[in-house]
Peer 1: 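Pasting a structure below so you can have a look.
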Amino acid sequence: MRIVLLTDRKKSRAAFASLSRSRDHTVEVRPPADFKAAIAAADRDTFIYVDAAGLSLASVRARIKSLVDTAVEGFGFVDLTRTISDVADLFHRGAADYIGADLPTGKITAQRFARILDFAGRKVDADLPLLEGRQRGMQASPVWPPLVAPVGSPSGSDWNDVVPGREYTFQILFVGLDHVSEMGRKSSEELLRSLRRTLQNILTRAFAPVLGRIFVWKEDSGLLLIPYDGENVTALIPAMRLVLNRTLINIEQFSVTTPISWRMGLHVGNTTYTESGGTSAIVSETLNFIFHLGDKAARPGELVVTWPALGRVPERVRSYFTRIEDFEGTALFRMKEPL
Amino acid sequence: MRVKARLRTLAIRALAESMEIKTMVHLARRFFGAAYDLNERTGFPHSVPIPNRTAASQIVDDVVEKDLFLDFVSNLIYLERLGMAGRKYRIPRLSAIISEIVDTGYHFDHASGTFFEDHSVRVTRNWGVLREGETHIMAFLGVDVSGNSELVRAHGNEMMSSIYRTLRSMLTTIVERRNGRLWGWEGDGGLFAFTFEEENQRAVHSAVEALHELFLYNLVSCPLPGGLHVRFTVHNGPCEYRSDGTELKSDTVKRLWDIDDRYGQADSVVISAAVLPSLDHTLSHTFTAVKAGSAERLHRYCLRFES
């Protein structure tokens with residue numbers, strides 16, 4: 001855990017001496033004036049301590065408000081000068097720790113901090129879904145849209161009962177190679193063909209554990225069908241894995257100097273299943289929708305997921321997605337960009 | 001490596017038909033030193049010329065006996081590509097020899113010019129080619145679960161052992177895909193080794209992928225309420241191979257655990273100074289210096305998301 005201590009007081013720094021020796025945590029001391037910069041750079045692996053020395057009650061509350069709205073793991077106050085009179089009020093407003101003047105120097109140990117993290121984590125869980133958006137950096141609209149079951153017959157958890165020519169509900173993933181026209185100007189047709197082949201191989205391998213199959217492929221984009229059991233969306237984790245490992249995939253598998261980017265869109269919807277080669281005759285509202293989604297709503301490198309798909313993954317997976325503008329009347333979410 | 005009769009015959013014919021005795025002896029002395037005396041080995045007096053086939057047969061027998069056959073074939077490949085003493089040699093039946101070796105579960109790595117065991121066929125801790133006492137430059141990936149004692153206290157030995165087995169299996173798959181090997185695993189952590197070409201890159205790529213995989217595991221599969229948190233450390237240096245595992249006490253490995261102990265952080269990969277320059281810039285720029293002004297010059301990668 002990265003612990004950011006906002007203070008310019010030597011005594012406050014000394015209080016963290018023991019914790020700064022812990023191998024599981026780093027203590028970063030910054031001047032109080034860095035408050036805004038510190039919370040801007042904070043993430044879920046950050047715990048912020050604010051030194052209350054010299055702060056008015058209004059300033060303390062303003063800082064609490066900013067910290068609650070930030071995606072930090074938790075925050076606390078150091079109050080060696082006894083500035084804060086109502087300590088309980090800090091906890092009511094969302095703080096996870098208070099270091100008062102009576103705490104002996106060096107007593108903020110790794111063990112104590114582990115308890116604080118545990119407390120901060122429990123507090124977040126208890127407040128879900130209300131605090132989910134604020135604590136985990138999601139848009140401040142934590143109430144999930146209602147989840148309506150797709151009309152149609154789910155394909156089942158594998159391909160065994162899927163009959164060509166019949167319509168089923170599948171997990172459908174759009175994948176499109178980005179910046180193709182730009183690459184076309186700079187690269188040979190042979191290189192582009194090789195990039196497309198490589199991308200298709202990567203997709204085949206990535207979605208094999210969830211029994212995904214390339215269903216349609218048109219030049220630089222295509223659709224994968226993944227069986228759907230009517231309850232669980234299994235294709236999201238392999239898609240997230242492709243986003244996380246994008247740099248490694250570029251280095252190890254594409255082996256070109258310009259990084260290759262691809263965008264993805266995941267949805268749950270209906271289509272008639274046909275064997276390879278017979279897809280050109282399919283007329284499907286869902287397929288049109290998902291091609292539009294991939295072409296218009298997903299920006300280069302992004303993974304966007306419709307609510308019918310995201311609503312069927314565990315809650316903690318959803319916290320890595322942020323709601324964006326609805327697309328053709330469907331709630332849409334984008335995976336947060338790994339930094 | 002067990003060399004079958006057909007492979008041995010192919011090698012003898014390739015050697016006999018591609019060079020004269022003098023060159024054969026020169027080649028053999030690369031393996032056995034300057035004292036190698038072909039006449040003494042074959043029993044022919046110095047006054048009597050040794051037939052090519054007999055000379056080749058003796059040399060091949062000697063390299064097989066000393067378990068140097070793969071190195072010998074690598075040398076033949078090198079000889080055909082680049083020659084020796086300014087002269088190139090065409091080695092007949094070289095493709096057939098390579099195919100035979102591949103069929104026994106090895107593959108030839110063109111970048112390093114070395115045969116390795118094919119990990120889809122067989123996995124041994126020395127890649128089938130490291131020899132006792134040889135020193136190699138190696139990269140090591142150390143894996144250490146954060147807060148193991150607390151986890152065992154809270155969740156019991158049985159549950160944690162099962163989780164650690166899952167972790168070990170997940171990491172081994174990631175590492176072996178990059179031709180790394182598990183060199184040691186004790187309860188809550190282990191050591192993976194990489195050598196030959198691009199060992200630093202392969203170790204760091206494995207560590208970064210493992211960190212991502214662990215993140216996904218914590219999201220959907222990990223039974224621990226707070227997830228499993230692991231420190232990854234990559235360091236490189238010389239290491240003398242010992243089949244009994246005593247190389248795990250080498251200075252390079254000790255240094256790795258020292259880095260882990262002092263600078264390792266849960267959910268992050270720490271790499272030493274010598275490793276960073278080997279990385280592609282698109283990956284190296286995602287690492288940050290561990291401590292400004294630190295003489296250690298370590299770098300750390302954490303998985304962070306936009307807020």
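Atom set for the values below is all heavy atoms of this structure, side chains included, hydrogens, waters and symmetry mates excluded.
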Peer 1: By a 4.5 Å heavy-atom criterion (distance strictly below it), what part of Leu283(B) contacts chain A: side chain, backbone, both, or neither?
Peer 2: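 For Leu283(B), the contact with chain A is made by backbone and side chain together.
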Peer 1: Is the shortest heavy-atom distance from the side chain of Ser272(B) to the side chain of Leu298(B) under 4.5 Å?
Peer 2: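 Answer yes - side chains close enough.
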Peer 1: If we check salt bridge (Lys or Arg N to Asp or Glu O under 4.0 Å) with Arg231(B), which of these qualifies: Asp144(B), Asp267(B), Asp188(B)?
Peer 2: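 Among Asp144(B), Asp267(B), Asp188(B), the one that satisfies the salt bridge (Lys or Arg N to Asp or Glu O under 4.0 Å) with Arg231(B) is Asp144(B).
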Peer 1: Quick check on Glu28(A) against chain B: is it the side chain, the backbone, both or neither that has a heavy atom closer than 4.5 Å?
Peer 2: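 Answer is neither: Glu28(A) stays 4.5 Å or more from chain B.
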Peer 1: Side chain, backbone, both or neither: which part of Arg177(B) has an atom under 4.5 Å from a heavy atom of chain A?
Peer 2: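 For Arg177(B), no heavy atom lies under 4.5 Å from chain A.
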Peer 1: Between Met1(A), Met335(A), Glu252(A), who has the most heavy-atom pairs with chain B when the cutoff is under 4.5 Å?
Peer 2: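 Among the listed options, the one with the most contacts to chain B is Glu252(A).
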Peer 1: Using non-hydrogen atoms only, which part of Leu248(A) is less than 4.5 Å away from chain B: side chain, backbone, both, or neither?
Peer 2: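 Contact with chain B involves the side chain of Leu248(A) alone.
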Peer 1: Regarding His229(B) and Ser146(B), is there a side-chain donor-to-acceptor distance under 3.5 Å anywhere?
Peer 2: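 No.
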Peer 1: Can you find a pair of side-chain heavy atoms, one from Leu244(A) and one from Glu213(B), that are under 4.5 Å apart?
Peer 2: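 Contact flag for Leu244(A)/Glu213(B) side chains = no.
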Peer 1: Taking the six-membered ring for Trp, are Tyr49(A) and Phe47(A) closer than 6.0 Å centroid to centroid?
Peer 2: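 Yes, the ring centres sit under 6.0 Å apart.
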Peer 1: Heavy-atom distance under 4.5 Å to chain A: side chain of Asp261(B), backbone, both or neither?
Peer 2: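 Backbone plus side chain of Asp261(B), per the 4.5 Å heavy-atom cut-off to chain A.
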Peer 1: Is the gap between the ring centers of His212(B) and Tyr301(B) under 6.0 Å?
Peer 2: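 Yes, they do, as the ring centres are separated by less than 6.0 Å.
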Peer 1: Could you look at Thr286(B) and say if it's the side chain, the backbone, both or neither that has a heavy atom under 4.5 Å from chain A?
Peer 2: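 Nothing of Thr286(B), per the 4.5 Å heavy-atom cut-off to chain A.
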Peer 1: Given a strict heavy-atom distance threshold of 4.5 Å, which part of Ile251(A) is in contact with chain B: side chain, backbone, both, or neither?
Peer 2: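 Looking at Ile251(A), just its side chain touches chain B.
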Peer 1: So what's closer than 4.5 Å to chain A heavy atoms on Arg202(B): side chain, backbone, both or neither?
Peer 2: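 For Arg202(B), neither part sits under 4.5 Å from chain A.
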Peer 1: Of Glu209(B), Glu198(B), Gln201(B), Glu199(B), which meets side-chain hydrogen bond (donor to acceptor under 3.5 Å, both in side chains) against Arg178(B)?
Peer 2: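 The residue from Glu209(B), Glu198(B), Gln201(B), Glu199(B) that satisfies side-chain hydrogen bond (donor to acceptor under 3.5 Å, both in side chains) with Arg178(B) turns out to be Glu209(B).
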